[in-house]
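Numbers for residues simply follow the sequence, beginning at 1. In each ligand, atom 1 is the first atom listed, and ligand 1 is the first ligand listed.
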Amino acid sequence: MEDIANVLKQLTHGVYVVAVAEDGQTNAFTAAWVMQVSFSPVLLAISINPEHYSYQLLKKGKVCSVNVLSQQQMSMAAHFGQSGIKDKMSLGTWAAALTGAPVLQESLAYFDCKVSHEVSAGDHQLVICEVLEARQLNVGVAMSYNDTGTMDNSAELY
Ligand SMILES: Cc1cc2nc3c(=O)[nH]c(=O)nc-3n(C[C@H](O)[C@H](O)[C@H](O)COP(=O)(O)O)c2cc1C
């Protein structure tokens with residue numbers, strides 16, 4: 001499995017903060033497994049571990065924003081990659097998108113999404129989201145997952 005895990009590092013991914021909202025509660029988590037999967041309608045697939053707190057809110061609230069991190073935002077990737085921390089949303093400036101999902105104003109760009117459907121995928125859930133609105137907010141170079149090194153401790157998950 002170690003061999004496969006090493007070769008998987010050749011796949012390229014960005015790094016995003018996916019933010020969710022449900023009944024006045026908000027949360028956000030760092031995600032690398034995000035990709036466009038349809039042109040019309042525009043759909044994004046987010047692969048999420050169903051044990052994440054964000055998943056509970058996503059499942060009930062059915063909205064999220066996908067916020068693109070820049071290379072300069074490593075500390076944000078690390079912060080939102082942690083679970084169970086107090087006042088997680090106190091980092092960053094947040095504004096509600098049309099769907100009600102929080103948008104990270106410091107991100108390069110965001111996609112405001114409503115959940116379309118879900119597909120089970122091994123130990124993750126693929127949440128397929130329709131993009132209702134998207135905006136570029138800042139200028140910079142997007143972060144690559146490889147830049148985050150061992151931040152997600154993924155070596156232990158295979
Ligand atoms: C760089 C990086 C990429 C990550 N990518 C994903 C991902 O694509 N899907 C996922 O479910 N978790 C991913 N994680 C893990 C979650 O961000 C992490 O478990 C987080 O603590 C979940 O937060 P929550 O429990 O508050 O929802 C990633 C973490 C890091 C640091």
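Comparing heavy-atom distances from atom 23 (O) of ligand 1 across K88, H52, H79, M151 singles out K88 as nearest. Scanning A28, G149, S83 for the heavy atom closest to atom 22 (C) of ligand 1 points to S83. With distances taken over non-hydrogen atoms, the option nearest atom 14 (N) of ligand 1 out of D123, D152, T30, V20 is T30. With A31, S47, A32 as candidates, the residue nearest to atom 9 (N) of ligand 1 on a non-hydrogen basis is S47. In the candidate list T150, T148, N49, T148 is nearest to atom 1 (C) of ligand 1, counting heavy atoms.
Residue G81 places at least one N or O, backbone or side chain, under 3.5 Å from an N or O of ligand 1. Inclusion of Q82 in the set of residues having an N or O under 3.5 Å from an N or O of ligand 1 is warranted.
Residue I48 approaches ligand 1 through these ligand atoms, each under 4.0 Å from one of its heavy atoms: 11 (O). Of all atoms in ligand 1, numbered sequentially from 1 with element shown, those under 4.0 Å from a heavy atom of W33 are 8 (O). For ligand 1, the atoms closer than 4.0 angstrom to any heavy atom of N27 are 24 (P), 26 (O), 27 (O). For ligand 1, the atoms sitting less than 4.0 Å from at least one non-hydrogen atom of F80 are 17 (O), 20 (C), numbered in the order shown with element in parentheses.
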- Message: Apply side-chain contact (heavy atoms from CB on, under 4.5 Å) to residues V103 and L137 and explain how you reach the verdict.
- Response: CA-CA 10 Å; V103 169; L137 295 177; 4.1 Å; yes

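By the 6.0 Å contact criterion, NZ on K88 is enclosed, its count of non-hydrogen atoms from other residues, nucleotides or ligands being greater than 12.
The closest side-chain donor-acceptor pair between Y110 and Q105, if any, does not fall under 3.5 angstrom.
Partner of Y145 under the side chain to side chain donor-acceptor pair (under 3.5 Å) criterion, out of T12, D152, T30: D152 alone. Residue V15 forms a side chain to side chain contact (heavy atoms under 4.5 Å, CB included) with just one option from M143, M151, M74, Q73, and that option is M143.
One N or O on the side chain of N67 and one on the backbone of L104 form a donor-acceptor pair closer than 3.5 Å.
Heavy atoms only, all atoms of each residue included: C113 and T99 are closest at O-CG2, 3.8 Å. Considering every non-hydrogen atom in both N49 and Y55, the closest pair reads O-CB, 4.0 Å. A pairwise comparison of heavy atoms in C64 and V20 identifies CB-CG1, 4.0 Å as the closest pair.
Closest to atom 27 (O) of ligand 1, if we only count protein heavy atoms, is S54 OG, 2.6 Å.
The part of H124 lying near ligand 1 is the side chain, judged by heavy-atom distances below 4.0 Å.
Ligand 1 does not have Y55 within reach: every non-hydrogen atom of the residue lies 4.0 Å or more from it.
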